[in-house]
Number of protein chains: 2
Amino acid sequence: MLNNQIKIRISNGPATAMGPGKAELLALINECGSISAAAKQMKMSYRRAWQLVDEVNKCFDQPLVASSVGGSHGGGAKLTEFGIKVLENYHALIAKSQEASVQELAFIRAHLKESV
Amino acid sequence: MLNNQIKIRISNGPATAMGPGKAELLALINECGSISAAAKQMKMSYRRAWQLVDEVNKCFDQPLVASSVGGSHGGGAKLTEFGIKVLENYHALIAKSQEASVQELAFIRAHLKESV
DNA sequence: CATCGCTATATCCATTGAAACATAGCGAGC
DNA sequence: GCTCGCTATGTTTCAATGGATATAGCGATG
């Protein structure tokens with residue numbers, strides 16, 4: 001059992017406001033202090049990471065990621081208070097959802113192939 | 001508020017065992033009695049619909065869709081008992097998840113743009 | 001005031017995914 | 001035994017996506 005988790009995404013029209021990938025990226029940005037370092041860890045191009053951040057920032061009524069340019073270390077990025085809160089909410093949402101549907105999940109998982 | 005629902009998918013390795021699209025397709029197959037009619041309703045090519053069915057059938061230890069070929073009406077497809085059960089489980093899973101996380105969901109939704 | 005590393009963005013190209021199209025085959029019923 | 005509509009696939013085309021690459025600009029710090 002490695003990759004059959006339940007994946008929840010919250011879409012906003014055609015875009016995805018929050019999903020597994022964006023959540024991971026945001027968490028890493030918070031850890032690393034920069035988009036580029038986070039991207040590197042996810043083996044993702046900086047371009048793509050930046051696009052995701054941009055998209056997520058545009059999905060909400062306020063930015064989740066605050067980035068600064070220039071400075072001794074070239075700049076960086078971190079989550080805003082709001083970003084942290086959204087991320088926490090998302091994690092909680094997943095946890096609660098999984099908790100609430102253990103039965104259904106168990107039934108389905110029990111019948112999956114390759115779910116060794 | 002038209003398209004910002006929470007979307008849950010259950011992945012099985014690289015493939016998706018069950019998700020919004022597949023669930024809708026399965027439901028339609030059950031209604032229509034054929035893959036092609038269901039595909040038409042979803043404005044999806046028959047080929048794609050068939051591929052999804054094939055994938056979903058392969059994800060589980062038993063088929064969700066039973067198809068028959070030939071006959072006066074050319075054949076058809078319907079859900080197996082198992083398929084019905086999986087679908088019901090999936091729907092229940094979503095319902096329970098949404099129920100369990102109303103708070104988190106409300107917070108996030110409240111801050112989405114275009115969430116008119 | 002030069003450096004350094006990161007943001008921000010544009011351009012080009014490879015890969016992928018899906019759509020479109022094409023066909024073979026099946027069998028209940030007329 | 002012919003027809004008809006659906007399953008089951010192969011092939012070819014095309015568009016969208018993402019990766020690679022290039023470059024400009026920024027500003028704290030030494």
Side-chain angles (χ1 to χ4, degrees), chain A residues 7 9 11-17 19-22 24-60 62-80 83, chain B residues 7 9 11-17 19-22 24-60 62-80 83:
Chain A
K7 291 180 182 170
R9 63 193 59 203
S11 50
N12 187 31
T16 296
K22 285 187 171 124
E24 189 185 349
L25 182 62
L26 292 192
L28 281 174
I29 287 174
N30 212 30
E31 269 183 41
C32 304
S34 82
I35 297 179
S36 79
K40 205 166 289 177
Q41 275 208 29
M42 289 187 69
K43 286 176 183 175
M44 172 189 297
S45 65
Y46 170 79
R47 181 183 201 271
R48 173 134 184 74
W50 183 86
Q51 283 175 335
L52 291 174
V53 167
D54 186 55
E55 195 184 331
V56 101
N57 274 342
K58 282 179 182 162
C59 268
F60 290 88
Q62 50 188 295
L64 312 211
V65 175
S67 58
S68 61
V69 61
S72 59
H73 294 91
K78 62 187 189 106
L79 295 192
T80 61
Chain B
K7 292 181 182 170
R9 61 194 60 204
S11 49
N12 188 31
T16 296
K22 281 179 176 137
E24 189 185 350
L25 181 63
L26 291 192
L28 281 173
I29 288 175
N30 212 30
E31 269 183 41
C32 303
S34 82
I35 297 177
S36 79
K40 204 165 291 176
Q41 274 208 29
M42 288 186 71
K43 287 175 182 174
M44 173 189 295
S45 67
Y46 169 80
R47 184 172 206 281
R48 173 135 183 74
W50 182 87
Q51 283 175 333
L52 291 173
V53 167
D54 187 55
E55 196 183 330
V56 100
N57 274 341
K58 282 179 182 161
C59 267
F60 289 88
Q62 50 188 295
L64 311 211
V65 175
S67 58
S68 61
V69 60
S72 58
H73 294 91
K78 61 185 190 110
L79 294 192
T80 61

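Values below: every heavy atom of this structure, side chains too, minus hydrogens, waters and symmetry copies. Letters go in sequence order (proteins before strands), and every chain restarts at 1.
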K.L.:
With sugar-phosphate meaning primed atoms plus P, OP1 and OP2, does Gly74(A) contact a base, only sugar-phosphate, or nothing at under 4.0 Å between heavy atoms?
P.N.:
base

K.L.:
If I take atom NZ in residue Lys78(A) and atom P in nucleotide dC6(C), what distance separates them, rounded to the nearest angstrom?
P.N.:
17 Å

K.L.:
Closest approach of Thr16(A) and Lys22(A), non-hydrogen atoms and distance?
P.N.:
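So the minimum-distance heavy-atom pair works out to O-NZ, 2.7 Å.
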
K.L.:
Quickly work out the Asn57(B) CG to dA8(D) C1' distance and round it to whole Å.
P.N.:
13 Å

K.L.:
Below the 4.0 Å mark, does dT7(C) have OP1 or OP2 next to a side-chain nitrogen or oxygen of Trp50(A)?
P.N.:
no

K.L.:
Can you check whether Thr80(B) reaches Gln62(B) side chain to side chain, under 4.5 Å on heavy atoms?
P.N.:
no

K.L.:
Measure from CE on Met42(A) to P on dG19(D) and round the result to the nearest Å.
P.N.:
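After rounding, the reported distance stands at 11 Å.
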
K.L.:
Please name the pair of heavy atoms, one in Gly21(A) and one in Met42(A), separated by the smallest distance, quoted to 0.1 Å.
P.N.:
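Minimum heavy-atom contact is O-CE, 4.1 Å.
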
K.L.:
Compare side-chain N and O positions of Ser67(B) against OP1 and OP2 of dC6(D) and report whether any pair is under 4.0 Å apart.
P.N.:
no

K.L.:
Check Asn12(B) against Cys59(B) and note the closest heavy-atom contact, atom names and distance.
P.N.:
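Heavy atoms only, the tightest pair is ND2-O, 3.5 Å.
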
K.L.:
Please give, in whole Å, the distance from dA24(C) P to Tyr46(B) OH?
P.N.:
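Computing the Tyr46(B):OH to dA24(C):P distance gives 17 Å.
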
K.L.:
At less than 4.0 Å, is any side-chain N or O atom of Ser45(B) found next to OP1 or OP2 of dA18(C)? Yes or no.
P.N.:
no

K.L.:
So do Leu79(B) and Val65(B) actually touch side chain to side chain, heavy atoms under 4.5 Å?
P.N.:
yes

K.L.:
Find the distance His73(A):NE2 to dT3(C):C1' and express it as a whole number of Å.
P.N.:
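To the nearest whole Å, that distance equals 12 Å.
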
K.L.:
5'-most contact on DNA chain C: Gly71(A) or Asp54(A), nearest heavy atom basis?
P.N.:
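The residue closer to the strand's 5' end, by nearest nucleotide, is Gly71(A).
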
K.L.:
Which nucleotide in the set dA8(C), dA18(C), dT7(D) lies at the smallest distance from any side-chain heavy atom of Arg48(B)?
P.N.:
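Minimum distance to the Arg48(B) side chain belongs to dA18(C).
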
K.L.:
Would you indicate which nucleotide in dG25(C), dT29(D), dG29(C) comes nearest to any side-chain atom of Ser72(B)?
P.N.:
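Shortest atom-to-atom distance from the side chain points to dG29(C).
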
K.L.:
Specify the separation, in whole Å, of atom NZ of Lys40(A) and atom C1' of dG19(D).
P.N.:
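It is 16 Å, rounded to the nearest whole Å.
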
K.L.:
So which atom in Tyr46(A) and which in Ala39(A) form the shortest heavy-atom distance, rounded to 0.1 Å?
P.N.:
CA-CB, 4.1 Å

K.L.:
Can you name the nearest heavy-atom pair linking Gly19(B) to Arg9(B), along with the distance?
P.N.:
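Of all heavy-atom pairs spanning Gly19(B) and Arg9(B), the closest is CA-CB, 3.9 Å.
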
K.L.:
Could you list by number each residue of residues 24-39 of chain B showing a heavy-atom separation from DNA chain C of less than 4.0 Å, or answer none if no residue does?
P.N.:
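Nucleic-acid contacts, sorted: none.
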
K.L.:
Between dC26(C), dA8(D), dA20(C), spot the one nearest the side chain of Arg47(B), thanks.
P.N.:
dA20(C)

K.L.:
Gln51(A) CD to dT7(C) C1': how many Å, rounded?
P.N.:
14 Å

K.L.:
Atom NZ of Lys43(A) to atom C1' of dG18(D): distance rounded to whole Å?
P.N.:
17 Å

